[in-house]
Undergrad: 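Supplied in structure tokens, the structure appears directly below.
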Amino acid sequence: MRWMFRCTRSRRDFRDSNVIRPEMLKVIAVNEQLQVVYEDNVHFDKDLPEFGTQGGVHVHSNKLTVTSPVLMWIKALDCILDRMKSSGFDFSKVKALSGTGQQHGSVYWKEGSRATLHHLTAELPLHIALQSCFSVSDSPIWMDSSTSAECRHLEKSVGGAQELANITGSRAYERFTGNQIAKIYKQKPEMYSQTERISLVSSFAASLFIGDYSPIDYSDGSGMNLLDIHDKTWNEQCLEACAPGLRQKLGSAVPSCTVVGPVSTYFVQRYGFSPHCSVVAFTGDNPASLAGMRLEEGDIAVSLGTSDTLFLWIQEPTPALEGHIFCNPVQSQDYMALLCFKNGSLMREKIRDESSSGSWEEFSEVLRQTPPGNNGCLGFYFEVMEITPQAAGVYRFNAENQKVSEFEKDVEIRALIEGQFMAKRIYAERLGYKIMPQTRILATGGASSNKEILQVLSDIFNAPVHTIATANSACLGCAYRAAHGIAVRSSPVSFADVVKPAQQQLAVTPRLEAEKLYQPLLKRYAECEKMVMKETRDI
Ligand code: ADP
């Protein structure tokens with residue numbers, strides 16, 4: 001039996017989405033057949049009201065600073081393990097465990113804490129034993145956007161935003177850990193100097209289990225603006241730009257499938273774990289989702305929820321100003337990329353209401369009846385400020401690339417859906433993604449129930465679209481990673497060899513003429529986008 005736990009956001013809470021839910025700690029256990037045999041969660045606000053969080057966080061009065069109490073996370077772990085014990089869960093059968101934490105968040109261990117971790121006594125819950133172990137008691141999390149000055153400084157120090165992306169996989173982002181550390185060093189230098197080790201939420205949680213500082217894994221480490229994603233070491237220039245002595249406080253990063261230790265004696269004595277139970281490096285929630293969706297080389301997962309998100313498996317990345325490249329969590333020489341499009345289902349709903357009387361059936365019928373390529377009409381629909389690209393407003397172009405103020409309703413619907421998917425292909429390819437003959441698109445989220453929308457996706461990417469269920473994907477991903485982590489110790493098996501292919505259903509295949517039709521349109525879309533960007537800048 002393997003199990004994992006997760007300090008979670010829901011699947012929809014991708015970094016740039018404004019849906020807030022870093023709200024609970026979850027646990028699942030799976031058996032040898034990877035079937036879930038135990039599941040539970042601790043809800044931070046409801047189960048631990050003494051910390052006074054809303055959605056698991058404290059939003060500070062400036063609205064930019066967002067933190068979570070580190071002891072709340074630890075107390076949640078105590079609670080969830082005690083409940084498992086009370087329910088009769090047999091910890092001695094657990095062969096391996098792993099986990100995931102919300103990306104970018106950071107934890108600051110005070111000097112002397114390593115010794116405390118080494119000498120935990122089974123009688124005390126962790127939140128009591130570790131209560132004075134943190135130099136910063138409120139951990140900055142991914143929702144924090146208070147570090148703009150640090151971001152500009154970091155980009156300048158390495159020669160610009162694109163240069164930083166070339167090194168670390170992303171331009172500077174406020175929530176990325178390096179910038180958060182830089183802010184703490186600047187504003188609370190005494191707290192920084194008292195810090196012996198800085199963990200990510202993921203490696204912090206793994207540290208609790210091994211009774212020592214767990215290394216940061218390559219994949220979650222890529223969300224810090226500090227790791228050179230090519231040689232997988234901390235970049236000296238980035239470290240220096242953020243804070244002095246940082247290399248030592250971070251420790252070395254390791255491949256995500258590394259066994260970071262057995263569980264500590266504390267867990268053996270208090271809960272009855274086997275002393276041979278392996279802890280596989282914990283990772284970030286997006287990398288864990290990629291593992292949970294069982295993406296394979298060349299695959300794309302497209303989540304069509306409130307926002308649209310693309311997970312890409314990439315071999316030769318070309319980092320860009322939009323999107324993120326992370327080291328791949330299941331195959332460490334490869335990469336994954338993440339692209340978030342804020343105007344997803346909400347925009348589709350708006351056009352549905354305006355152009356097809358609020359009916360998805362009518363909307364779908366229009367997609368069935370209208371010609372692929374929309375007779376050359378293209379549209380950009382950004383009801384809210386888009387992230388990919390940074391643009392706002394609605395822009396329509398006729399076949400001659402002239403801006404027009406309106407489209408017929410039918411044309412409008414197809415322009416919206418074609419535009420949304422052309423943008424996804426263009427941005428994926430800019431990050432180094434190559435569509436291959438074996439490429440599968442795995443679609444999830446509310447709009448993946450709409451076959452006509454999926455047909456447009458399939459035509460534009462010229463690849464078959466399958467639908468998959470992704471409930472609990474980050475959690476499951478870590479159970480699979482735990483299984484893989486112990487399997488690779490004895491033989492060089494791939495992640496795909498350990499987990500069976502995901503249950504998926506072929507939904508649609510591309511039309512024969514699709515690639516020929518969309519190639520020139522993709523070029524035109526990119527050209528029109530330049531005009532849209534210029535207009536947005538000029539507003
Ligand atoms: P999230 O998890 O981000 O809240 P979901 O993945 O549950 O979102 O997707 C919800 C969205 O799915 C709704 O906003 C709705 O617009 C969209 N949706 C539901 N049914 C359809 C449909 N038949 N066609 C297109 N979109 C749909």
Side-chain angles (χ1 to χ4, degrees), residues 15 101 103-106 142 147 150-185 197-203 206 213-258 260 281-284 286-288 290 311-339 430-433:
R15 226 64 345 91
Q103 282 197 279
H104 317 300
S106 45
W142 65 278
T147 64
E150 287 76 12
C151 287
R152 300 294 77 78
H153 174 68
L154 178 58
E155 286 181 347
K156 213 166 147 219
S157 309
V158 300
Q162 182 61 51
E163 191 48 39
L164 184 65
N166 292 345
I167 300 167
T168 70
S170 304
R171 68 173 167 83
Y173 283 87
E174 277 82 356
R175 62 186 181 277
F176 275 45
T177 325
N179 307 305
Q180 295 291 338
I181 296 171
K183 181 185 134 188
I184 288 181
Y185 166 64
R197 177 62 81 107
I198 300 174
S199 296
L200 293 177
V201 180
S202 56
S203 61
Y213 294 142
S214 171
I216 290 171
D217 76 295
Y218 293 161
S219 202
D220 209 10
S222 323
M224 300 172 77
N225 277 151
L226 293 176
L227 189 79
D228 181 324
I229 57 165
H230 309 283
D231 68 12
K232 277 92 171 156
T233 57
W234 305 119
N235 177 275
E236 194 55 43
Q237 271 181 304
C238 297
L239 292 176
E240 271 176 25
C242 290
L246 189 47
R247 183 181 295 279
Q248 211 187 344
K249 293 186 201 290
L250 293 174
S252 304
V254 296
S256 309
C257 64
T258 306
V260 292
F282 284 28
T283 192
N286 284 310
L290 176 132
F311 290 75
L312 307 159
W313 182 303
I314 294 189
Q315 270 142 344
E316 287 167 34
T318 50
L321 295 180
E322 278 90 10
H324 308 296
I325 307 270
F326 302 135
C327 296
N328 190 298
V330 299
Q331 198 156 297
S332 58
Q333 73 277 19
D334 285 352
Y335 296 88
M336 68 174 277
L338 198 67
L339 279 165
R430 280 187 196 157
L431 287 174
Y433 184 77

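Residues take their numbers from the sequence shown, with the count starting at 1.
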Undergrad: Quick one: salt bridge (Lys or Arg N to Asp or Glu O under 4.0 Å) partners of Glu236, sequence neighbours excluded?
TA: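 With neighbours one apart ignored, the set is Arg247.
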
Undergrad: List the residues meeting side-chain hydrogen bond (donor to acceptor under 3.5 Å, both in side chains) with Gln162, not counting sequence neighbours, and say none if there are none.
TA: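 Scan of Gln162 (side-chain hydrogen bond (donor to acceptor under 3.5 Å, both in side chains), adjacent residues dropped) gives Asn166.
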
Undergrad: Please report the closest heavy-atom contact between Ala243 and Ile181, naming both atoms and the distance.
TA: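 The pair with the smallest heavy-atom distance is CB-CG2, 4.3 Å.
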
Undergrad: Thr147: what forms a side-chain hydrogen bond (donor to acceptor under 3.5 Å, both in side chains) with it, not counting sequence neighbours?
TA: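 Thr147 satisfies side-chain hydrogen bond (donor to acceptor under 3.5 Å, both in side chains) with no other residue.
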
Undergrad: Closest heavy-atom contact between Ser202 and Thr283?
TA: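 Taking every non-hydrogen atom into account, CB-O, 3.3 Å.
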
Undergrad: List in chain and number order the residues that pass side chain to side chain contact (heavy atoms under 4.5 Å, CB included) with Ser157, two or more places apart in sequence or in another chain; answer none if no residue qualifies.
TA: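 By the side chain to side chain contact (heavy atoms under 4.5 Å, CB included) rule, Ser157 matches His153, Ala241.
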
Undergrad: Please confirm whether the backbone N or O of Leu200 pairs with a side-chain atom of Asp220, one donor and one acceptor, at under 3.5 Å?
TA: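 Answer holds: no.
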
Undergrad: Are the side chain of Gln103 and the backbone N or O of Gly284 linked by a donor-acceptor pair below 3.5 Å?
TA: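 Checking the backbone N and O of Gly284 against the side chain of Gln103, no donor-acceptor pair under 3.5 Å is found.
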
Undergrad: For Lys249, check side-chain hydrogen bond (donor to acceptor under 3.5 Å, both in side chains) against everything at least two apart and list the hits.
TA: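 Listed in chain order: nothing, the list is empty.
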
Undergrad: Tell me if a side-chain donor or acceptor on Thr258 pairs with a main-chain N or O of Val254 at a distance below 3.5 Å.
TA: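 Not a single qualifying donor-acceptor pair exists.
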
Undergrad: Kindly assign one of parallel, tilted or perpendicular to the pair His324 and Tyr173, based on the angle between their ring planes and the thresholds 30° and 60°.
TA: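 Correct class here is perpendicular.
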
Undergrad: Which residues pass the side-chain hydrogen bond (donor to acceptor under 3.5 Å, both in side chains) test with Glu322, not counting sequence neighbours?
TA: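 Scan of Glu322 (side-chain hydrogen bond (donor to acceptor under 3.5 Å, both in side chains), adjacent residues dropped) gives none.
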
Undergrad: Pairing donors with acceptors under 3.5 angstrom, does anything connect the side chains of Asp334 and Trp313?
TA: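 The answer is yes; a qualifying pair exists.
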
Undergrad: Taking all atoms of both residues into account, what is the closest heavy-atom pair of Arg152 and Glu174, and its distance?
TA: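 Of all heavy-atom pairs spanning Arg152 and Glu174, the closest is NH1-OE2, 4.5 Å.
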
